[in-house]
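Counting starts at 1 for both ligands and their atoms, in listed order. Note: hydrogens, waters and symmetry copies are ignored here, and every other heavy atom, side chains too, is used.
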Amino acid sequence: MKKLAAGNWKMNGSSAALSEVTALLAAQPAPNCEMLLCPPATLIAPMAVAARGSALRVGGQDCHPEAAGAHTGDISAALLKDAGASHVILGHSERRADHGETDALVAAKAAAALATGLTAIICVGETEAERDSGQTLDVVGRQIAGSLPAGATAGNLVVAYEPVWAIGTGRTPTIPQIAEVHAFIRARLGAAMGAEAPGVRILYGGSVKPSNAAEIFGVAHVDGALVGGASLKAVDFSAIVAALSAAQTGAA
Ligand code: PGA
């Protein structure tokens, strides 16, 4: 399994930020892992041009469940693909919170992504209140059960475990806490997907940075990272890619 370092630029990145892509490709011309950036929709096409012929893949941050039509302000999986995307993040906690996205909607969006040939990165994770009240595995289990589309395979599905309270806060779960949830997700994928489950990448996300990446990448069933803030600067994201490449080499 090829590990995956994915960056989520969220609502950041004007065209001037494409210089970070140039710097990233100079620093990581041939990483030993997969490398993906998901910029705002406005930057997908120019970033895909900048990444052409390189190891960098480009993805979207959301898509609509319908293939086309009267949905002002939305973007379809086909339009993402046409712009040069190969992946799409779905069910990020910010979309679940800001836009009321349910598991069923995330599953419908993921089905549209798969039908278009995009790889779906489905995000799950508990709030702080849910962790404090001992509900973490219940919440993550429910999200996995409800958000996975039919027809998912190791090749077109990635799961990202992102505790809501760790996103953008500088706080991370302990290593045993990360290990517990990732092993749990692997088991649930096994129940849902059978033989495909061992090959599905399970990313950890939430305050991943150069200083904690190597330790997190040493955890069983952590197959990469979904990185927000630290993906905006090439120097930081490159260091995370380097840590994941080292983990890939160690696992080979
Ligand atoms: P962060 O965000 O790395 O800035 O905590 C992670 C994410 O939301 O994917």
Side-chain angles (χ1 to χ4, degrees), residues 3-13 17 20 24 33-41 43-44 47 56-63 80 85 87-101 106 109-110 113 118-128 130-131 136 139-140 143-144 147 157-175 177-178 181-182 185 201-217 219 222-244 247:
K3 296 177 189 286
L4 173 62
N8 172 11
W9 279 15
K10 309 191 179 183
M11 201 167 70
N12 301 292
E20 297 297 328
L24 176 66
C33 60
E34 285 185 14
M35 189 165 66
L36 170 74
L37 283 177
C38 300
L43 274 194
I44 291 173
M47 189 181 285
L56 178 66
R57 298 285 165 271
V58 180
Q61 299 176 8
D62 178 47
C63 72
L80 292 176
H87 295 64
V88 60
I89 298 170
L90 294 170
H92 189 281
S93 67
E94 287 151 16
R95 294 213 54 94
R96 290 178 186 263
D98 294 356
H99 300 273
E101 293 196 1
V106 175
K109 290 178 171 199
L118 296 181
T119 295
I121 302 176
I122 296 182
C123 303
V124 298
E126 81 287 359
T127 64
E128 184 155 39
E130 288 164 345
R131 175 163 285 279
T136 297
V139 168
V140 170
Q143 289 173 329
I144 293 279
S147 307
L157 175 72
V158 175
V159 174
Y161 169 54
E162 299 205 304
V164 178
W165 53 274
I167 293 174
T169 60
R171 298 164 58 207
T172 55
T174 64
I175 293 299
Q177 286 172 333
I178 294 174
V181 178
H182 279 247
I185 291 173
R201 271 82 58 86
I202 307 175
L203 312 183
Y204 169 77
S207 297
V208 176
K209 47 193 180 225
S211 59
N212 63 17
E215 187 182 25
I216 292 171
F217 295 152
V219 177
V222 172
D223 308 310
L226 182 54
V227 184
S231 72
L232 291 168
K233 288 282 161 236
V235 59
D236 289 336
F237 194 56
S238 169
I240 292 167
V241 170
L244 190 60

**Q** Measure the spacing between CG of Leu56 and CE of Met47 and express it to the nearest 0.5 Å.
**A**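 Reported to 0.5 Å precision, the distance equals 7.0 Å.
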**Q** For Arg96 and Ser147, which I'm curious about, is there any donor-acceptor pair between the side chains at under 3.5 Å?
**A**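 Judged by distance alone, the side chains do pair up.
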**Q** Distance alone, cut at 3.5 Å: any donor-acceptor contact between the side chains of His92 and Glu162?
**A**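 Yes, because at least one side-chain N or O of His92 sits under 3.5 Å from a partner of the opposite role on Glu162.
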**Q** Check the angle between the aromatic planes of His182 and Tyr161 and answer parallel, tilted or perpendicular using the 30° and 60° thresholds.
**A**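 His182 vs Tyr161 ring planes: perpendicular.
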**Q** If only atom types and distance count, is the side chain of Thr119 paired as donor or acceptor with the main-chain N or O of His87 below 3.5 Å?
**A**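 Checked: no pair found.
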**Q** Ligand 1: which residues have a non-hydrogen atom closer than 4.0 Å?
**A**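 Contacts of ligand 1 under 4.0 Å: Asn8, Lys10, His92, Glu162, Ala166, Ile167, Gly168, Gly206, Ser207, Leu226, Val227, Gly228, Gly229.
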**Q** Only counting residues at least two apart or in another chain, list the ones meeting salt bridge (Lys or Arg N to Asp or Glu O under 4.0 Å) with Glu215.
**A**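 Partners of Glu215 by the salt bridge (Lys or Arg N to Asp or Glu O under 4.0 Å) criterion come out as none, since no residue qualifies.
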